[in-house]
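Counting convention: from 1, in listed order, for ligands and their atoms alike.
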Amino acid sequence: MTNIADYSDQPRYTIKHVSAMTGIKTVTLRAWERRYEVLNPRRADNRYRHYSDRDVAVLHWLKSRLQSGVSISMSVRELLQITDEGNWPGAVAGGPPLSGHRAGATPAQISHLLYQALLRKDEVESDNLLRQSLASFDLITILQDVITPCLVQLGEAWYGKEISIALEHYASAFIRGKLLTLLQSYPNHRNAPYILVGGAPNEQHDIGTIMMAVLLRSQGYRVEYLGTNLPLEDLVDYARDEKPGMIILTATVREAALQLERMQELLKRLRPAPIFGYGGFAFAYDPLLRKRVRGVFLGETLETAVEKITGLLPPAGSKPGS
Ligand code: B12
């Protein structure tokens, strides 16, 4: 039988992930930590708690004791008796997966495995790798360090004629589909600050744009993803009725980025005008484009964008992180 001692004690998961993995509310996790000193998650530089696979296995064990009618204080006492003797209880079912050949893999390694699985058109393995990422890393790491490098690698293979256009399209469509499913998996709170996200006119790339939408929904915003190649006049008409607090448009290619020069002017038709934010590969590739487009340049990465957006339009009920 697997023992809790077999699990790694390396900090990996945020409190939100642990809550999703165990079904125990974050408020309960904090209360158990405070009252029973049962777990001692490490604090990262930003003061966020980070839990290990072993912590998650302990929580599954505690939860199974509670389900069999033992009180939390009694369960903790039982656990401490065992650990005081230098042992650990046996792990219960439903805990984190144990040391498969990918356990402990870095985002870069998972990204490469995903690339290989997609080239083999192995959808089960690709799906497993994405699931494993969701259980192991925070969302921003998955988007920036697992999925993006995989797509860039696909692009290079296509550019170098190592793979066909069809295979590259298949792989990017698979990832795009998974991201849209992830987007829909987050609640879209109607009372939260409202953001429209889409791609500039003449733009076909939309994966980075969907990532932006996913991240903002994960932060509690009400986000509508409007697709790409958006006609700006229509968009402004839509915004007149919908009254979003912010509109974010992205561009990967230069010709699309240049279309955004008109946006701030068009928004003058609205009272009050929503904040206009923009970003994407085109602006990172050619920083001079930022001088030509008025509005808020949201930075080169999704991470900087979220920071800027939360400063400009705080998410509903936002409190300092825990
Ligand atoms: C898949 C792909 C396509 C697919 C897109 C499918 C889709 N639904 O998105 C298709 C086949 C349609 C396509 C078409 C074209 N493509 Co293409 N494509 C790619 C590829 C392989 C991957 C793109 C991708 O999704 N990357 C992953 C995403 C997540 O990366 P990203 O968009 O850069 O986003 C990251 C950051 O930029 C940032 N970010 C993204 N959005 C935002 C938004 C904000 C607000 C912020 C702050 C940050 C941010 O965060 C993301 C995460 O790190 C790249 C190769 C590469 N090196 O990227 C080429 C690439 C982007 N394509 C390129 C080109 C040239 C084209 C075409 C012109 C080809 C052609 N001749 O037809 C057309 C474009 C037509 C058009 N007008 O748009 C070039 C672009 C170079 C440039 N800037 O000029 C690239 C770099 C390939 C290359 N090496 O030449 N492409």
Answer yes if the side chains of [X] and [Y] hold a donor-acceptor pair under 3.5 Å, and no otherwise.
| X | Y | value |
| --- | --- | --- |
| Thr141 | Asp138 | yes |
| Asp206 | Tyr225 | yes |
| Thr106 | Gln109 | yes |

How many angstroms lie between [atom1] in [X] and [atom2] in [Y], if you round to the nearest 0.5 Å?
| X | Y | atom1 | atom2 | value |
| --- | --- | --- | --- | --- |
| Leu114 | Asp122 | CG | CG | 10.5 Å |
| Leu182 | Ile142 | CG | CD1 | 7.5 Å |
| Ile4 | Asp53 | CD1 | CG | 11.5 Å |
| Tyr285 | Arg254 | OH | CZ | 10.5 Å |

Donor-acceptor check, side chain of [X] to backbone of [Y], threshold 3.5 angstrom: yes or no?
| X | Y | result |
| --- | --- | --- |
| Thr250 | Gly279 | no |
| Asp55 | Ser52 | yes |
| Arg65 | Val70 | no |
| Arg54 | Tyr51 | no |

Need the ligand 1 atom indices (1-based, order shown) with element for anything under 4.0 Å from a heavy-atom of [X].
| X | answer |
| --- | --- |
| Glu203 | 78 (O) |
| Met211 | 29 (C), 52 (C) |
| Arg176 | 8 (N) |
| Thr301 | 47 (C) |
| Met212 | 44 (C), 45 (C) |
| Ala305 | 47 (C) |

Just need the protein heavy atom nearest to [atom], so name the residue and atom and give the distance.
| atom | answer |
| --- | --- |
| atom 46 (C) of ligand 1 | Gly280 N, 3.8 Å |
| atom 78 (O) of ligand 1 | Gln204 N, 2.8 Å |
| atom 58 (O) of ligand 1 | Val152 CG2, 3.8 Å |
| atom 26 (N) of ligand 1 | Leu151 CB, 3.8 Å |
| atom 90 (O) of ligand 1 | Tyr159 CE1, 4.2 Å |
| atom 1 (C) of ligand 1 | Glu168 OE2, 2.9 Å |
| atom 35 (C) of ligand 1 | Thr148 CG2, 4.5 Å |
| atom 11 (C) of ligand 1 | His169 CE1, 3.1 Å |

Evaluating non-hydrogen atoms only, which member of [options] is closest to [atom]?
| atom | options | answer |
| --- | --- | --- |
| atom 80 (C) of ligand 1 | Tyr278, Phe281, Tyr285, Phe283 | Phe281 |
| atom 25 (O) of ligand 1 | Ile207, Ile309, Ile175, Ile165 | Ile207 |
| atom 3 (C) of ligand 1 | His205, Glu300, Lys308 | His205 |
| atom 39 (N) of ligand 1 | Val253, Thr250, Leu302 | Leu302 |

Exercise check, heavy-atom protein proximity under 4.0 Å to [atom]:
| atom | value |
| --- | --- |
| atom 42 (C) of ligand 1 | yes |
| atom 60 (C) of ligand 1 | yes |
| atom 70 (C) of ligand 1 | no |
| atom 87 (C) of ligand 1 | no |
| atom 13 (C) of ligand 1 | yes |
| atom 67 (C) of ligand 1 | no |
| atom 31 (P) of ligand 1 | no |
| atom 74 (C) of ligand 1 | yes |

Taking atom CG as the centre, does Asn191 end up with more than 12 heavy-atom neighbours from other residues, nucleotides or ligands that are less than 6.0 angstrom away?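 Atom CG in Asn191 is not crowded, with 12 or fewer foreign heavy atoms closer than 6.0 Å.
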Is the count of non-hydrogen atoms from other residues, nucleotides or ligands lying under 6.0 Å from Arg131 atom CZ greater than 12?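 Not buried by this count: 12 neighbours or fewer within 6.0 Å.
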Find out whether Met212 and Val306 are in side-chain contact, i.e. whether some heavy atom of one side chain is under 4.5 Å from a heavy atom of the other.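 When only atoms from C-beta onward are counted, Val306 and Met212 do touch, with a gap below 4.5 Å.
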[X] near ligand 1, heavy-atom distance under 4.0 Å?
| X | value |
| --- | --- |
| Ala284 | no |
| Asp206 | yes |
| Ala282 | no |
| Thr252 | yes |
| Glu255 | yes |
| Arg254 | no |

Would you mind telling me if ligand 1 is within reach of the side chain of Thr228, the backbone, both or neither, using heavy atoms under 4.0 Å?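 It is neither part, as no heavy atom is under 4.0 Å.
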Backbone, side chain, both or neither: what part of Asn202 comes under 4.0 angstrom of ligand 1, heavy atoms only?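 Just the backbone.
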With a 4.0 Å cut-off, would you call Glu265 and Arg262 a salt bridge?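 No, this pair does not count.
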When Leu215 is tested against each of Ile309, Ile210, Val223, Leu302 for side-chain contact (heavy atoms from CB on, under 4.5 Å), which residue passes?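 Of Ile309, Ile210, Val223, Leu302, side-chain contact (heavy atoms from CB on, under 4.5 Å) with Leu215 is met by Leu302 alone.
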Centroid-centroid distance, Phe297 to Tyr278, less than 6.0 Å: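 Yes; Tyr278 has its ring centre under 6.0 Å from that of Phe297.
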Over all heavy atoms of both residues, which pair between Pro314 and Pro193 is shortest? Give the atoms and the distance, please.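 Closest approach of Pro314 to Pro193: O-CG, 3.2 Å.
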Taking the six-membered ring of Tyr194 as reference, does the NZ or CZ atom of Arg222 fall below 6.0 Å from its centre and within a 45° cone about the axis?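 Geometry flag: set, cation within 6.0 Å and 45°.
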